[in-house]
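My structure is below; once you've seen it, I'll send some questions.
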Protein chains: 2
Amino acid sequence: MKNPIAALNKIFDSRIRLGVMSILIVNDSVSFNELKQMLDLTDGNLASHLNTLEQVEFLKVQKAFIGKKTNTTYSITELGKQAFKLHLDALEKMIKGI
Amino acid sequence: MKNPIAALNKIFDSRIRLGVMSILIVNDSVSFNELKQMLDLTDGNLASHLNTLEQVEFLKVQKAFIGKKTNTTYSITELGKQAFKLHLDALEKMIKGI
DNA sequence: GTAAAGCACTTTGTTTTACAAAGCTATATA
DNA sequence: TATATAGCTTTGTAAAACAAAGTGCTTTAC
């Protein structure tokens with residue numbers, strides 16, 4: 001058996017980033033505030049994890065206005081989808097001992 | 001939807017501990033050296049993660065002799081099995097958005 | 001019109017964690 | 001005697017998580 005943890009993506013070691021991706025993979029676009037509430041996080045903590053995910057281009061940001069009020073939403077990218085799926089595959093293989 | 005990451009076990013945030021548990025859940029008893037090779041880790045790093053898992057009683061240690069040479073093997077406990085399964089369930093629910 | 005509150009951050013600082021590297025004890029082998 | 005292996009512990013460093021506070025802008029309440 002080859003080292004099973006080598007195939008895991010370090011980005012997804014974090015439960016929060018895993019949570020964000022899990023939400024974004026089933027929801028086209030989710031606002032900062034919705035994520036914050038869903039995952040029960042402080043602003044700073046969420047922002048920093050979103051930043052990490054954005055840096056590696058696993059998600060993209062849309063800044064829009066609702067009236068004059070800013071509204072920021074996040075969506076997963078193709079790259080993010082692929083990376084997430086690869087990670088889940090690796091996880092599954094590891095757990096099932098394949 | 002309730003906060004999906006709250007049900008994850010912090011012990012398993014670590015890829016290495018996840019790897020150890022994945023191995024021990026399908027192998028009754030595995031030696032320090034086998035784990036070290038399977039997961040490609042330094043002694044100290046492996047030892048410290050094993051320690052963490054032992055502290056929370058997710059695994060137990062057997063120290064035996066092969067001749068006069070010590071041989072240490074590790075096995076998962078019932079508690080460890082349960083915790084691991086709960087974690088995997090929580091993961092699955094989170095990912096599938098249940 | 002002033003105050004308070006919300007959104008989406010950034011900055012700062014602390015604590016925790018991961019990890020490598022070296023050291024240690026005991027045995028085994030060359 | 002010297003080197004190697006098993007299974008650790010200790011030490012030190014670097015990275016990560018996180019809370020809390022601060023910021024700028026807007027909106028709502030009084």
Side-chain angles (χ1 to χ4, degrees), chain A residues 3-24 27 29-56 58-75 87, chain B residues 3-24 27 29-56 58-75 87:
Chain A
N3 176 2
I5 66 184
L8 299 175
N9 192 325
K10 280 209 174 145
I11 291 287
F12 302 128
D13 278 3
S14 150
R15 51 176 44 224
I16 291 179
R17 292 193 293 268
L18 209 60
V20 168
M21 294 297 280
S22 297
I23 289 170
L24 292 184
N27 299 280
S29 140
V30 182
S31 74
F32 185 89
N33 238 280
E34 285 166 333
L35 285 172
K36 188 183 144 187
Q37 281 163 21
M38 281 171 165
L39 300 175
D40 191 27
L41 299 171
T42 56
D43 293 5
N45 198 6
L46 175 57
S48 90
H49 284 291
L50 288 175
N51 220 336
T52 302
L53 288 169
E54 209 194 331
Q55 302 275 334
V56 294
F58 286 1
L59 57 78
K60 56 179 184 288
V61 187
Q62 295 91 31
K63 281 173 195 293
F65 286 90
I66 296 183
K68 271 186 191 170
K69 213 170 160 183
T70 56
N71 181 265
T72 313
T73 59
Y74 298 86
S75 337
H87 179 79
Chain B
N3 175 2
I5 67 186
L8 299 176
N9 192 326
K10 279 206 175 146
I11 291 287
F12 303 127
D13 278 3
S14 151
R15 51 175 46 224
I16 291 179
R17 291 193 293 268
L18 211 60
V20 168
M21 294 297 279
S22 297
I23 289 170
L24 292 184
N27 299 281
S29 139
V30 183
S31 74
F32 186 89
N33 237 281
E34 286 167 334
L35 285 172
K36 187 184 144 187
Q37 280 164 22
M38 280 171 167
L39 300 174
D40 191 26
L41 299 171
T42 56
D43 293 4
N45 198 7
L46 175 57
S48 88
H49 283 291
L50 288 176
N51 222 332
T52 302
L53 288 169
E54 209 193 332
Q55 300 275 335
V56 294
F58 285 1
L59 57 77
K60 56 178 182 288
V61 188
Q62 295 90 31
K63 279 173 196 294
F65 287 90
I66 297 185
K68 269 186 192 169
K69 213 171 162 184
T70 55
N71 181 263
T72 312
T73 58
Y74 298 85
S75 337
H87 179 78

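Each chain gets a letter, A, B and so on, in the order its sequence line appears, and its residues count up from 1.
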## Note on the structure
Min and max contacting nt of DNA chain C in 5' to 3' order, chain A heavy atoms within under 4.0 angstrom, are C:dC7 to C:dT10
### Contacts of type ring-ring contact (aromatic ring centres under 6.0 Å, His included), residue B:His49, not counting sequence neighbours
none
### Task
Calculate the interatomic distance between A:Asp40 atom CG and D:dA17 atom P; express it in whole Å.
17 Å
### Query
Taking DNA chain D as the partner, which of residues 44-54 of chain A come within under 4.0 angstrom of it by heavy atom?
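Contacting residues: A:Gly44, A:Asn45, A:His49.
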#### Entry: Value rounded to 0.5 Å, distance of CD1 in A:Ile11 from NE2 in A:His87
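Interatomic distance, A:Ile11 CD1 to A:His87 NE2, rounded to 0.5 Å: 10.5 Å.
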### Message
Do A:Ile23 and A:Leu39 have side chains that approach each other closer than 4.5 Å (heavy atoms only, starting at C-beta)?
### Response
yes
### Query
Counting any heavy atom closer than 4.0 Å, what does A:Ser31 reach on the DNA or RNA strands: base, sugar-phosphate only, or nothing?
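A:Ser31: no heavy atom of the nucleic acid under 4.0 Å.
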### Message
Can you list everything that forms a ring-ring contact (aromatic ring centres under 6.0 Å, His included) with A:Phe32? Sequence neighbours excluded, please.
### Response
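For A:Phe32, no residue satisfies ring-ring contact (aromatic ring centres under 6.0 Å, His included) once neighbours in sequence are set aside.
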### Message
Students often get this wrong, so: under 4.0 angstrom with heavy atoms, is A:Asn71 touching a base, only sugar-phosphate, or nothing?
### Response
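Sugar-phosphate contact only - A:Asn71 comes under 4.0 Å of backbone atoms but never of a base.
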### Task
Applying side chain to side chain donor-acceptor pair (under 3.5 Å), name anything that partners B:Ser31, two or more places apart in sequence or on another chain.
B:Glu34
#### Entry: Partners meeting side chain to side chain donor-acceptor pair (under 3.5 Å) with A:Asn33 (sequence neighbours left out)
A:Gln37
### Task
Would you list the pairs meeting salt bridge (charged side-chain N to carboxylate O under 4.0 Å, His left out) in which at least one residue belongs to residues 39-55 of chain B, sequence neighbours left out?
B:Lys36-B:Asp43
### Task
Just jot down the side chain to side chain donor-acceptor pair (under 3.5 Å) partners of B:Thr70, sequence neighbours excluded, or say none.
none
### Query
Expressed in angstrom and rounded to an integer, what is the separation of A:Phe12 atom CZ from D:dA17 atom P?
13 Å
### Task
Using the closest heavy atom to pick a nucleotide of DNA chain D for each, name whichever of A:Arg15 or B:Lys36 lands nearer the 5' end.
B:Lys36
### Task
Apply side chain to side chain contact (heavy atoms under 4.5 Å, CB included) to B:Ser29 and list each qualifying residue two or more places apart in sequence or on a separate chain.
B:Gln62, B:Thr73, B:Ser75
#### Entry: Separation of D:dA16 P from B:Lys10 NZ (nearest whole Å)
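In whole Å, D:dA16 P lies 18 Å from B:Lys10 NZ.
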### side chain to side chain donor-acceptor pair (under 3.5 Å) against B:Thr52, all qualifying residues, sequence neighbours excluded
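Residues passing side chain to side chain donor-acceptor pair (under 3.5 Å) with B:Thr52: none at all.
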### Query
What string of B, S and - do you get for nucleotides 22-30 of chain D 5' to 3' if you count protein non-hydrogen atoms under 4.0 Å?
----SS---
### Task
Please identify each residue that fulfils salt bridge (charged side-chain N to carboxylate O under 4.0 Å, His left out) with B:Arg17, with sequence neighbours left out.
none
### Message
How many whole angstroms separate atom CD of B:Gln37 from atom C1' of D:dA6?
### Response
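Roughly 11 Å, once rounded to whole Å.
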### Task
Map B:Thr72 and A:Leu41 onto DNA chain D by nearest heavy atom, then report which one ends up closer to the 5' terminus.
B:Thr72
